[in-house]
Amino acid sequence: MKEKILIVDDQFGIRILLNEVLQKEGYETFQAANGIQALEIVDKHSPDLVLLDMKIPGMDGIEILKRMKEKDQDIRVIIMTAYGELDMIQEAKDLGALTHFAKPFDIDDIRKAVREYIPM
């Protein structure tokens, strides 16, 4: 069975890039443009890992992370942010995020982190 990764980002281009790269790596991927879609996918598909952007209109990344953890305390989440907001990064880590990437990120760093957190 393929490991499942949920990509949550309001930027279409980033979702497509990550989707393509991770599918080539052999993962099954899901995409969400907002918190509501992300939480529905968590309910339906129980992803093994979530790549979560912190700056999403509507429900921000911290709120999405909190709600995901309410549904599944063990869900693994890597956060992505274009902003050097150390408070937000620290809050996300306190909530259980594994690590974070600043945008623009190096796609090889993401690949490596995904392999580290969900070995195939």
Side-chain angles (χ1 to χ4, degrees):
M1 195 175 84
K2 287 183 174 183
E3 280 82 1
K4 296 179 279 194
I5 299 177
L6 169 57
I7 301 157
V8 186
D9 199 308
D10 60 317
Q11 291 180 279
F12 180 73
I14 290 179
R15 287 199 315 272
I16 293 301
L17 170 69
L18 290 169
N19 190 59
E20 194 172 297
V21 166
L22 295 169
Q23 280 186 349
K24 280 184 183 161
E25 293 282 310
Y27 300 103
E28 182 179 355
T29 58
F30 301 92
Q31 297 179 50
N34 59 51
I36 292 161
Q37 288 176 353
L39 295 168
E40 284 173 1
I41 291 168
V42 167
D43 281 343
K44 281 187 194 146
H45 301 285
S46 302
D48 298 294
L49 182 69
V50 180
L51 297 175
L52 174 62
D53 184 30
M54 288 283 100
K55 285 288 182 187
I56 294 181
M59 196 186 307
D60 72 4
I62 293 292
E63 183 63 29
I64 296 168
L65 179 58
K66 284 178 183 169
R67 292 192 189 189
M68 284 180 179
K69 286 289 185 179
E70 283 169 12
K71 292 173 180 297
D72 177 1
Q73 189 57 46
D74 299 324
I75 195 164
R76 291 176 279 189
V77 179
I78 293 175
I79 61 168
M80 303 178 292
T81 178
Y83 306 87
E85 293 181 329
L86 298 177
D87 292 349
M88 185 180 271
I89 292 166
Q90 191 54 55
E91 186 177 355
K93 286 188 173 175
D94 291 346
L95 288 167
L98 302 167
T99 189
H100 78 281
F101 285 95
K103 291 178 178 177
F105 46 74
D106 181 325
I107 199 68
D108 290 327
D109 291 342
I110 296 264
R111 240 190 229 121
K112 196 169 117 192
V114 167
R115 275 199 297 266
E116 183 182 329
Y117 291 111
I118 47 172
M120 292 187 75

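Looking at every heavy atom in both residues, R15 comes nearest to A33 through NH1-CB, 3.4 Å. Here the shortest heavy-atom pairing between D106 and D108 reads OD1-N, 2.8 Å. In this structure, L6 and A38 approach most closely via the heavy-atom pair CD2-O, 3.7 Å. F105 and M80 get closest at one heavy-atom pair: CE2-SD, 3.8 Å. Heavy-atom minimum distance, G61 versus L52: O-CD2, 3.5 Å. Taking both residues in full, the closest heavy atoms of I41 and P47 are given as O-CD, 4.1 Å, listed atom of the first, atom of the second, then distance.
Here I36 contributes atom CD1 and I64 contributes atom CD1; the two are 9.5 Å apart, rounded to the nearest 0.5 Å. To the nearest 0.5 Å, atoms CG (N19) and NZ (K24) are separated by 11.0 Å. Distance check: H100 NE2 to I78 CD1 gives 11.5 Å after rounding to the nearest 0.5 Å. Atom CD1 of I118 sits about 5.5 Å away from atom CG of D48, to the nearest 0.5 Å. Expressed to the nearest 0.5 Å, how far NZ of K55 lies from CE of M88 amounts to 4.5 Å. Atoms NZ and CE, on K103 and M54 in that order, are 10.0 Å from each other to the nearest 0.5 Å.
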Evaluate the criterion side-chain contact (heavy atoms from CB on, under 4.5 Å) for residue pair Q37 and N34; output intermediate values, then yes/no. CA-CA 6 Å; Q37 288 176 353; N34 59 51; 3.4 Å; yes
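Formation of a donor-acceptor pair under 3.5 Å by the D53 side chain with backbone atoms of V8 is not found in this model. Between the side chain of K69 and the main chain of Q73, a donor-acceptor pair closer than 3.5 Å is present. A donor-acceptor pair is defined here as one N or O able to donate and one able to accept, closer than 3.5 Å; no such pair exists between the side chain of R67 and the backbone of L39. Judged by distance alone, with hydrogens and angles left aside, the side-chain atoms of E63 form no donor-acceptor pair with the main-chain N or O of M59 at under 3.5 Å.
For the side-chain contact (heavy atoms from CB on, under 4.5 Å) test with L49, the passing option among I7, L22, L98 is L98; the others fail. Results of the side-chain contact (heavy atoms from CB on, under 4.5 Å) test with Q90 over D87, D94, L86 single out D94 as the only residue that passes.
Between K112 and D109, no side-chain nitrogen of the basic residue sits less than 4.0 Å from a carboxylate oxygen of the acidic one, so the salt-bridge criterion is not met. The pair K66-E70 fails the salt-bridge criterion, with no side-chain N (NZ, NE, NH1 or NH2) lying under 4.0 Å from an Asp/Glu carboxylate O.
For residues 42-72, the pairs satisfying ring pair (Phe, Tyr, Trp, His ring centres under 6.0 Å) are F30-H45, with sequence neighbours left out.
More than 12 heavy atoms of other residues, nucleotides or ligands shown are found within 6.0 angstrom of CD1 on I16.
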